[in-house]
Amino acid sequence: MDNIGRRDHSQNVDSISIRVRFAPSPTGYLHIGGLRTALYCYLFARSQGGSLILRIEDTDRSRLVADAENDIVESLQWCGIEVDESPHKGGQYAPYRQSERQSLYLQYAKSLVDAGHAYYAFDPPEAIENLRKDHATYGIQTRHQMDNSLTMSEDLVNHRLESKQDYVIRLFVPENRTVSFDDRIKGKIEVESMMIDDQVLTKSDGMPTYHLANVVDDYLMGMTHVIRGDEWIPSTPKHILLYEAFGWEPPEMAHLPLILSPTGGKLSKRSANRQGIPLNVLDYRTLGYEPQAVVNFLAMLGWNPGTDQEVFDLVELEQQFSIDRVGSAPAQFDLKKLQWFNAQHLRRLNTNALIDKVRPPLTEQGVHLPDDDYLKQVCDLVRDRLEHVHDLGLHYRYCFEDPEEFDPVGIKKRWKPDSATLVEQYSDLIEGMDEFDEQTLEAGLRDLAQKHDIGAGRIIHPVRLAVSGTTAGPSLFALLKVLGQTTCVRRLRHAALQIES
RNA sequence: GCCGCGUUCGUCUAGGGGUUAGGACGCCGGCCUUUCACGCCGGUAACACGGGUUCAAAUCCCGUACGCGGUACCA
């Protein structure tokens, strides 16, 4: 017992530093709620100068999803959440996959039996099913009616164990105890031990249950804080009892409120789908969201800095995060707000970063990529009206290709009988320009308008329509400048002919 | 059923015995402007309900309702 996986207390620098784990079960891809838990774990660890450990809790072999672990790792990476120790990275307390630590749990469970805090139970499933018809728990009132090492002779118990009959080890939950703990987010929580089952610690397949593995690993791996979802609150008293049985000091607990669907219910696969909310983290990548925006959005769902700042990058979050400012009420997912965050982060990108972001979706949209210099000009031209990386190819395709169609509503509204003539005259003007810049373009157009004794808008609107096919867009003269002299002339002349017919 | 957690504008939230209950998203209006955005200015809208305690309650206490979670050899 003393020589297995003992926590190393000798390095006191280590033992005072904060250690937090994110401990997902690889039964599916990492979803947005799981990511928020990971994020808060990360932010807390980083803000305290501590470490984040990724531990894979794969004790349920029947629900295991083969590539879930990879998905989890990739999701965290995409968001910039770095872990200090993990199955892939290794670390002082390896292995970090619970399936690889099986023998450890068994030994600890047996030590609990030896100390009288746990017992062997041989009841077949039907017996337990029967029990639950009349009693809520397998515990204080019922354990003495069952087949276990509390009710059977030692010889018989040994015989059963030796003949490899199925058995589980159950925790002996004490009577009349008020189990309490002080949650960093929820405050003091109390539960009567009466309400708690004699928890199964090791399953008949030899695997530990979540409760055992979790407690043993959190202890062995030196966790100082357990930060996890709300749904674990009812289990925490069981864990506290386990820590007590082992004679260990429990870590600090912090239970995060859940993320709800926009209608208030549970954010399930079905509800998310119906609301158009991507559920898996990597779906957000596929859809072209900025990881920083997703992180920012999630951080603000349940936490606030106490100031008016709301746009944060990860580093700022690390600096400002405080678990004391995490709210205790669940929060509803709001896609509109995420989109706003996305726009904020996208626009803050410098031009070089922006063109990198924008190239893949453009390619996907079948746009022939121009050279970087041109792409930069386009990005700077439209960046303030970009909400999403896809918007460039979606709404500003004319920056890359001559428009093939002209908005009929726009034509009706802006194309007058004299428009074709004016557009052609302006194209002549442009063709003859030595200086091709915004000022010259504007001055030339206004001159032309004056000559015809009309408002500048009479030319501006048809020109925009001719050059872009649409009535909305960036400043016309800036647009013309970016498009370039020959493109402008070509488009204007072509449009004058086509719209006329 | 039982146990636990929660409840401030539609949404995210600040505040936490005496506030015109503040901000953000969304929505609406205005300004800017050649358009559409951006930006700026303004508007809309909230303390779940009922009892206490108190000079005073959104804030503290107790109930009720509603929501969510747990009650597994799932995590």
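Note that this is a predicted model, so its numbers are computed, not measured. Just so it is clear: chains get the letters A, B, ... in the order the sequence lines come, proteins before strands, and each one is counted from 1. Atoms considered below: every heavy atom in the structure, side chains included; atoms not considered: hydrogens, waters and symmetry mates.
- Between A:Arg414 and B:U35 there is no side-chain N or O to OP1 or OP2 distance below 4.0 Å.
- Within the structure, a side-chain polar atom (N or O) of A:Thr59 is placed less than 4.0 Å from OP1 or OP2 of B:A75.
- A gap of 15 Å separates the C1' atoms of B:C25 and B:A46, to the nearest Å.
- The separation between A:Asp198 atom CG and B:U71 atom C1' is 15 Å, rounded to whole Å.
- Checked against B:G69, B:C5, B:A72, the side chain of A:Asp197 finds its nearest nucleotide in B:A72.
- Nearest to the side-chain atoms of A:Lys266 among the listed nucleotides B:G69, B:U7, B:A24 stands B:G69.
- Look at the C1' atom in both B:A56 and B:G43: the space between them is 32 Å, to the nearest Å.
- At the phosphate of B:C74, OP1 or OP2 sits under 4.0 Å from a side-chain N or O atom of A:Lys203.
- Contacts of A:Arg325 with the nucleic acid, taken as non-hydrogen atoms under 4.0 Å apart, involve only primed sugar atoms and P, OP1 or OP2.
- Separating the P atom of B:G15 from that of B:C9 is a span of 16 Å, rounded to the nearest Å.
- Counting any heavy atom pair closer than 4.0 Å across all strands shown, A:Arg132 reaches sugar-phosphate atoms only and no base atom.
- Looking at heavy-atom distances under 4.0 Å, A:Gly410 makes no contact with the nucleic acid at all.
- Residue A:Lys238 places none of its side-chain N or O atoms closer than 4.0 Å to OP1 or OP2 of B:A72.
- B:C47 sits 11 Å from B:A57 when the C1' atoms are compared, rounded to a whole Å.
- Within the 4.0 angstrom heavy-atom criterion, no nucleotide atom of any strand lies near A:Arg383.
- The side chain to side chain contact (heavy atoms under 4.5 Å, CB included) test with A:Leu171 is passed by exactly one of A:Ile196, A:Leu212, A:Leu201: A:Leu201.
- For B:G26 and B:G69, the P atoms lie 29 Å apart once the distance is rounded to whole Å.
- A:Asn304 has no side-chain polar atom (N or O) that falls below the 4.0 Å cut-off from OP1 or OP2 of B:U13.
- Here A:Asp391 lies out of heavy-atom contact (under 4.0 Å) with every strand.
- Pairing of B:A57, defined by two Watson-Crick or G-U wobble distances under 3.5 Å, is not identified with any nucleotide.
- At a cut-off of 3.5 angstrom, counting only N and O atoms as typed in the model, there is a donor on one side and an acceptor on the other between the side-chain of A:Ser475 and the base of B:U34.
- Residues A:Ser180 and A:Thr178 bring no donor and acceptor atom of their side chains to less than 3.5 Å of each other.
- No contact: A:Glu192 has no heavy atom under 4.0 Å from any strand.
- A cation-pi geometry, defined here as NZ or CZ lying under 6.0 Å from the six-membered ring centre and within 45° of its normal, does not hold between A:Arg143 and A:Tyr119.
- Of the candidate nucleotides B:U34, B:A75, B:G70, B:A75 has the atom lying nearest to any side-chain atom of A:Trp232.
- For the P atom pair drawn from B:G16 and B:G51, the interatomic distance equals 27 Å after rounding to whole Å.
- Counting any heavy atom pair closer than 4.0 Å across all strands shown, A:Pro474 reaches a base atom.
- In terms of phosphate contacts, A:Arg446 brings a side-chain nitrogen or oxygen within less than 4.0 Å of OP1 or OP2 of B:U34.
- In this entry B:U71 has B:G1 as its Watson-Crick or G-U wobble partner, both defining distances falling under 3.5 Å.
- If you check B:G6, B:C2, B:G26 against the side chain of A:Lys336, the one that comes closest is B:G26.
- A:Gln309 and A:Gln320 share a side-chain donor-acceptor pair at under 3.5 Å.
- Using atom P as the reference point in both B:C66 and B:C49, the two lie 15 Å apart (nearest Å).
- When heavy atoms are screened at a 4.0 angstrom cut-off, A:Ala331 is found touching the sugar-phosphate backbone but no base atom.
- For A:Gln344, counting side-chain heavy atoms from C-beta on, the closest listed nucleotide (B:A75, B:C5, B:G39) is B:G39.
- Within the 4.0 angstrom heavy-atom criterion, base atoms lie near A:Leu476.
- The A:Val168 side chain lies nearest to B:C73 when the options are B:C73, B:C5, B:C25.
- Between A:Phe341 and A:Phe312, the gap from one ring centroid to the other reaches at least 6.0 Å.
- Residue A:Gly457 is classed as having no contact, given no heavy-atom separation below 4.0 Å to the nucleic acid.
- Side chains of A:Arg446 and A:Gln450: no donor on one and acceptor on the other come within 3.5 Å.
- As judged by a 4.0 angstrom heavy-atom cut-off over every strand, A:Ser62 is placed among residues making no nucleic acid contact.
- The P atoms of B:U20 and B:U13 are separated by 26 Å, rounded to the nearest whole Å.
- A:Thr27 comes within contact range of no nucleotide atom at all, as no heavy-atom separation falls under 4.0 Å.
- No contact: A:Phe341 has no heavy atom under 4.0 Å from any strand.
- Each of B:C38, B:U7, B:A75 was ranked by its minimum atom distance to the side chain of A:Thr209; first place goes to B:A75.
- Taking only side-chain atoms of A:Ile460, from C-beta outward, the nucleotide of B:C5, B:U34, B:G69 with the closest atom is B:U34.
- Classification of the A:Tyr120-A:Tyr167 ring pair by plane angle, with boundaries at 30° and 60°, yields perpendicular.
- Of the candidate nucleotides B:C74, B:C2, B:C12, B:C74 has the atom lying nearest to any side-chain atom of A:Asp60.
- Side-chain atoms of A:Arg385 stay outside donor-acceptor range of the base of B:C38, with no qualifying N/O pair under 3.5 Å.
- A salt bridge is defined here as a Lys NZ or Arg NE, NH1 or NH2 lying under 4.0 Å from an Asp or Glu carboxylate O, and A:Lys481 with A:Glu438 fails to meet this definition.
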